[in-house]
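Read through the structure below, which is laid out as structure tokens, and then see the notes.
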Amino acid sequence: MIVLGIETSCDETAAGIIRTDETGQGRILADVIRGQVEAHRAFGGVVPEIAARAHVEVVDAVVGQAMRDAGLGFADIDLVAATAGPGLIGGLLVGLTTGKAVASAAGLPFRGINHLEAHALTARLTDGLDFPYLLLLVSGGHSQFILVEGVGRYRRWGTTIDDALGEAFDKTAKLLGLPYPGGPEVEKRALTGDPKRFAFPRPLADRPDLALSFAGLKTAVRLAAERTHPLDDQAIADICASFQAAVADVLAIKSARALARFRAETGSDSPALVAAGGVASNTAVRAALSRAAGDAGGRLVVPPPRLCTDNGVMIAWAAAERVAAGLDDDPALTARPRWPLDADAAPLVGYGRQGVKV
Ligand code: KG4
Ligand code: ZN
């Protein structure tokens, strides 16, 4: 089966094409990603309206490029998929409409895909991982532990009760006058910093559950920056290193707890911890997770950075997995800004007007 996947939920316009064989393994035929960092830089974060317009401008070209890279025509495609949520509504509508239009014009079936599910299943494409495994998704919009039991079978064990981790990196960077996106910049500065100079909190580390929180840490960073004013390069580096150390500690503690639960509930004595999302490319974070996985008798699996962050390949792959699993999807599916993976579960934090909050 050959699947075209389109992703436009945040600030990446992406199209990927994969081919799956009879054994269910997938091969990447095209992987085109067009970022929008320049369009948002002046604002220090993603501006939803600017993102939507930027997607409209390039989505045709991105899909066209993917088709050329794969050397295929639409007649060769078996299925079209696009991210239907969660994400920024304007961008979602652009990708979803494009996907449905392509499918309709070419007489092909269409599937709307949950972006989180696509992140959750990527490690099966890249590493041939078997179910079940534990996923830690840490991106600009999400921070959650998910038990992945099978295709379409996810249980959210813990989530952030306030900011996403990537957001905390970005806000820390902004506060210190570092350019957007902040994550890679904080990591770079931390290299020459002293992680012990500032004693930042390890939020919720002493709570027995898997909830995460980063808003308090962000405030601690702001207070430290104000106290240390004026900030020289060394102070900035020390704050970055201390912030990153706090983050790595919290993730290691919570991951150890999640892995213990995984072992207890699944009976597995060699658990796989999969890390995905932009923050998973942080070396200190990976080292902490790798230690936690090793201590639990398991291993850390991190897909290559290009497939860890937003891309079209993972959307195509998730669609292929859902078809292979015999899951029937609603072709009329519309964009869903909020779409938790375990939609039927009780809310971990609470309900907003539009449903489960996080
Ligand atoms: O997964 P992603 O590309 O997009 C979504 O949010 O879906 O994640 C982007 C986030 C940004 O907040 C960025 O600052 C963060 O991931 N990030 C990092 C690093 N690279 C990207 N955070 C820490 N260290 C990094 N090396
Ligand atoms: Zn994402």
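Scope of the values below: all heavy atoms of this structure, side chains included, with no hydrogens, waters or symmetry mates. As the structure lists them, so they are numbered: ligands from 1, and atoms in each ligand from 1.
- Screening Ile89, Val59, Ile6, Thr13 for a side-chain contact (heavy atoms from CB on, under 4.5 Å) with Val94, the sole residue that qualifies is Val59.
- Close approach to Ser281 involves these atoms of ligand 1, each under 4.0 Å from a residue heavy atom: 19 (C), 20 (N), 26 (N).
- With a 4.0 Å heavy-atom cut-off, ligand 1 is reached by no atom of Cys10.
- Within ligand 1, counting atoms from 1 as listed, the ones closer than 4.0 Å to a heavy atom of Gly277 are 1 (O).
- When the shell of 6.0 Å around CZ of Arg306 is examined, it contains more than 12 heavy atoms from other residues, nucleotides or ligands.
- On a distance-only criterion, Gly183 and ligand 1 share at least one N/O pair closer than 3.5 Å.
- Here the two rings, on Phe243 and Phe169, have centers that are under 6.0 Å apart.
- Here the protein contributes His115 NE2, His119 NE2, Asp310 OD1 as N, O or S atoms under 2.8 Å from the Zn ion (ligand 2).
- Close approach of ligand 1 to Gly141 (heavy-atom distance below 4.0 Å) involves ligand atoms 6 (O).
- Below 3.5 Å of separation, one finds no N or O of Thr309 facing any N or O of ligand 1.
- A 6.0 Å sphere centred on CZ of Arg19 holds no more than 12 heavy atoms belonging to other residues, nucleotides or ligands.
- Here the rule is side-chain contact (heavy atoms from CB on, under 4.5 Å) with Leu116, and of Leu341, Asp342, Thr83 only Leu341 fits it.
- In terms of N/O distances under 3.5 Å, ligand 1 is not approached by Glu12.
- Checked for salt-bridge contact, Lys254 and Asp209 meet the test: a charged N lies under 4.0 Å from a carboxylate O.
- Contact between Ala241 and Gly193 at its shortest, heavy atoms only, is CB-C, 3.6 Å.
- The 12-atom threshold is not exceeded at CZ of Arg53, counting heavy atoms of other residues, nucleotides or ligands nearer than 6.0 Å.
- For ligand 1, one of its N or O atoms has an N or O atom of Gly278 under 3.5 Å away.
- When all heavy atoms of Leu307 and Thr122 are compared, the pair lying nearest together is O-CG2, 3.7 Å.
- In the vicinity of Gly166, heavy-atom distances shorter than 4.0 Å reach the ligand 1 atoms 12 (O).
- With hydrogens and angles left out, the side-chain atoms of Ser9 and His115 include a donor and acceptor closer than 3.5 Å.
- Salt-bridge check for Lys196 with Asp194: failed, with every basic side-chain N at 4.0 Å or more from each acidic carboxylate O.
- Under 4.0 angstrom from ligand 1, the non-hydrogen atoms of Asn282 come from both its backbone and its side chain.
- In this structure, Arg124 is positioned above the aromatic face of Phe131, its NZ or CZ under 6.0 Å from the six-membered ring centre and within 45° of the axis.
- Among protein heavy atoms, atom 26 (N) of ligand 1 sits closest to Glu187 OE1, 2.7 Å.
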Pair Thr160-Gln144, side-chain hydrogen bond (donor to acceptor under 3.5 Å, both in side chains): steps then yes or no: CA-CA 7 Å; Thr160 175; Gln144 37 189 266; over 6 Å; no
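- When hydrogens are left out, the protein atom nearest atom 7 (O) of ligand 1 is Asp310 OD2, 3.0 Å; that is the closest non-hydrogen contact.
- The distance from ligand 1 to the heavy atoms of Asp170 drops below 4.0 Å at these ligand atoms: 11 (C), 12 (O), 13 (C), 14 (O).
- Atom 9 (C) of ligand 1 has its nearest heavy-atom neighbour, among Ala280, Gly140, Gly45, Pro184, in Gly140.
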